[in-house]
There are 2 protein chains.
Amino acid sequence: MATGRTHRPATRSRGIPEATVARLPLYLRALTALSERSVPTVSSEELAAAAGVNSAKLRKDFSYLGSYGTRGVGYDVEYLVYQISRELGLTQDWPVVIVGIGNLGAALANYGGFASRGFRVAALIDADPAMAGKPVAGIPVRHTDELEKIIEDNGVSIGVIATPAGAAQQVCDRLVAAGVTSILNFAPTVLTVPDGVDVRKVDLSIELQILAFHEQRKAGEETASGDGAVPAKRAGAANQGPDGDVPAVMPA
Amino acid sequence: MATGRTHRPATRSRGIPEATVARLPLYLRALTALSERSVPTVSSEELAAAAGVNSAKLRKDFSYLGSYGTRGVGYDVEYLVYQISRELGLTQDWPVVIVGIGNLGAALANYGGFASRGFRVAALIDADPAMAGKPVAGIPVRHTDELEKIIEDNGVSIGVIATPAGAAQQVCDRLVAAGVTSILNFAPTVLTVPDGVDVRKVDLSIELQILAFHEQRKAGEETASGDGAVPAKRAGAANQGPDGDVPAVMPA
DNA sequence: TGATGTGAATGAGTTCACAGCC
DNA sequence: GGCTGTGAACTCATTCACATCA
């Protein structure tokens, strides 16, 4: 069952930790902003502040990519932008399809952050025949019937599911059968996929529930100061920072 | 229950790991589905499968909440639903405001998953005067000018930011100044907040970039040492040129 | 018997602190 | 002097395996 291909002693040490991968886009964004302001170099301290992490972590992260900095100076912004882009695979074109063009699907279609990072919305797909042909974000919506053909014609390997929960697994199955190997799931349901397919999920209500947990705890601490078990100190508490992401990749 | 060993440590151990907290909503959803099908009890194995985690992890997670299961039997569904809801603070009402009513804000306003879990959309707020009064998801949009008053009047402690990146920090500052202590940020920017304020972020493009990283690696492995475990349908590995290409990403 | 609950072992990720180089 | 790069220490999370108990 378990794919034991953990061994990767091949050429370079391509063992970038998942937590690091998850932060690369963050660094990339900060670097892009610097690049636009024509800042030539940046120190780990400055860049870390811009990205909302601490500098030791950032340096460690970069060390997995290689030695791209200059001691005593810092990092060359343009060079680093290129290296991170390449590492993330953003130097190539990734056609994606978005399935389920409700409010959320439309928001995704309109989201500028995709196109500017190598992602091209190859098609919008919806099950509602009334939607077919209607343009959203300048792209005509196509009917679910065409899903397989669209995937094939465009060589799509990344699919975004923004359907209601009830339809998600079925859509997922069809995407996978048609050749999609990475799925970003916005539907509040657990998707089952075959081995070799990555799923990441974004769950709006889960995020709120996590906030509610912390919020409740804050409220409780104000009054219920009597619990001896509570170490009084704000144990890792308050500021989650820009971090706080839980690895959601299910390598199945 | 002859032994007087009554387990009631629920509100004692305030040391619930963050990773566990992040999974509680997942369990809650799976349990809610079981509850709706009137399933009385469930084993850690079954529930773990439904939530997409492994059973040892689930049992460990629950052990932080207390001993709510019965050895040899499993967990009482209704009881667990209640305990987890309480732990997450969902047994109380959480008024939230959504700021920035574009496509995404509208999607959030329409998202049913909020209301069903104790979150009440107290107000929708947008900076565009033309939006004011216009109903979205049955709730009239109000102008940013009223932000502080709305927060106060409704006792809002959780705010959702769905504005463009450029406006996010300013909106954040106003929310915090008005009394909000938890923020869910959808804008692609790092927010700076004072101590004691929680920020969680959901970044659409970051998730896609992480997928792209893994997708790229898959494509590279096909040609490398063949494990054979991954059948890998011929996904659109269109752009194979790994090197030589000039950074086609980002304005330079 | 058949499940939970949990110490112990393992692994992943973060932070420290300083050697090494510009 | 200043800043990167990285072993080592440390903290947090997952998994194992089994004692425990209905």
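Throughout, a chain's letter reflects where its sequence line sits, starting with A, and its residues are numbered from 1.
Remark: C1' of D/dT15 and CZ of B/Phe62 are 17 Å apart, rounded to the nearest angstrom. Summarising the geometry, the separation between OH on B/Tyr64 and P on C/dG5 is reported as 13 Å, rounded to the nearest angstrom. For the pair B/Glu18 CD and D/dC12 P, the interatomic distance rounds to 12 Å; values are reported in whole Å. Atom P of nucleotide D/dT14 and atom CG of B/Leu58 are separated by 12 Å, given to the nearest angstrom. As rounded to whole Å, 12 Å separates atom P of C/dT6 from atom OH of B/Tyr68. C/dA3 atom P lies 8 Å from atom CD of B/Glu46, rounded to whole Å. Per the geometry, CG belonging to B/Asp61 stands 15 Å off P belonging to D/dC16, to the nearest Å. As rounded to whole Å, 14 Å separates atom P of D/dG5 from atom CD1 of A/Ile16.
A 6.0 Å sphere centred on CD of A/Gln169 holds more than 12 heavy atoms belonging to other residues, nucleotides or ligands. Remark: A/Gln170 CD is loosely packed, at most 12 non-hydrogen atoms of other residues, nucleotides or ligands lying under 6.0 Å away.
For the pair B/Thr70 and C/dT4, the criterion of a side-chain N or O lying under 4.0 Å from OP1 or OP2 is not met. Dashed line: the shortest gap from a side-chain N or O of B/Asn54 to OP1 or OP2 of D/dT14 is not under 4.0 Å.
Here the side chain of B/Ala19 is nearest to one of C/dT14, C/dG5, D/dA13, namely D/dA13. If you check D/dT14, C/dG5, C/dC21 against the side chain of A/Arg71, the one that comes closest is C/dC21. For B/Ser63, the side-chain atoms get nearest to C/dG5 when compared with the rest of C/dG13, C/dG5, C/dT4. Picking from D/dT4, D/dA13, C/dT4 the nucleotide with the shortest atom distance to the side chain of B/Ser43 gives C/dT4.
A side-chain N or O of B/Thr20 and one of B/Asp61 form a donor-acceptor pair less than 3.5 Å apart. A side-chain donor from one of B/Ser205 and B/Gln209 sits under 3.5 Å from a side-chain acceptor of the other.
Looking at which nucleotide of DNA chain C each of B/Val42 and B/Lys60 is closest to, the 5′-most match is held by B/Val42. Along DNA chain C, the nucleotide nearest A/Arg59 and the nucleotide nearest B/Val73 are compared for position; the residue whose nucleotide lies closer to the 5' end is B/Val73.
At a threshold of 4.0 angstrom between heavy atoms, the contacts of A/Tyr75 are confined to the sugar-phosphate backbone, with no base atom among them.
Within the 4.5 Å cutoff, the side chain of A/Phe186 has heavy atoms near those of the A/Leu108 side chain.
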